[in-house]
Amino acid sequence: MVAQETAGPDLTGRTVVVTGASSGVGAAAAAKLAARGATVAVVGRSPQRTVEVAERIGAEPFVADFARLDDVRELAGRLLDRYPVIDVRRAPRPRPNRCGMPMVGAFARS
């Protein structure tokens, strides 16, 4: 028996930030979310790979190294300047500060 892949929910009108999206699981997650209609912010450490993934899926690239707090702060400001509301933030791999769980709910500058 072959399991059938479900298309998943329609994400049109939703903004999703995917960190670690310049390769591997993150790039695959970003592509699937974009295919479901989401506006995807592709966040990665490698400028070249991040741009390549973003161009391939029709998304916008953002480069940041999460080991550098200044990069993270700058990224947060750029994302909130670019997107009035961020509906979902997704990290494809477990991280100590978010345990690999998606943050679901709208984030907006107040």
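For clarity, every value in this text was computed on a predicted model and none was experimentally measured.
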Under 3.5 Å donor-acceptor pairs involving side-chain atoms of residues 39-47, not counting sequence neighbours:
{"residue": "S46", "atom": "OG", "partner": "R49", "partner atom": "N", "Å": "3.3"}

For the student: nearest non-hydrogen atoms of P61 and T50, plus distance: CB-CG2, 3.8 Å
What closest approach, in Å, do V53 and S22 show between heavy atoms, and which atom pair accounts for it? CG2-O, 3.6 Å
How far does [atom1] of [X] sit from [atom2] of [Y], to the nearest 0.5 angstrom?
X: R14; Y: Y83; atom1: CZ; atom2: OH; answer: 16.0 Å
X: R78; Y: E60; atom1: CZ; atom2: CD; answer: 9.0 Å
X: E74; Y: L79; atom1: CD; atom2: CG; answer: 10.5 Å
X: I86; Y: L80; atom1: CD1; atom2: CG; answer: 4.5 Å

Under 4.5 Å between side-chain heavy atoms, hopping through other hydrophobics if needed: is there a path connecting V63 to L75? no
Would you say that V18 contacts V16 through its side chain, given a criterion of any heavy-atom pair below 4.5 Å between the two side chains? yes
May I ask you to decide if F66's main-chain N or O and D71's side chain share a donor-acceptor pair within less than 3.5 Å? no
Take L11 and L33 through the side-chain contact (heavy atoms from CB on, under 4.5 Å) test and state the conclusion after the steps. CA-CA 7 Å; L11 297 176; L33 291 164; 3.4 Å; yes
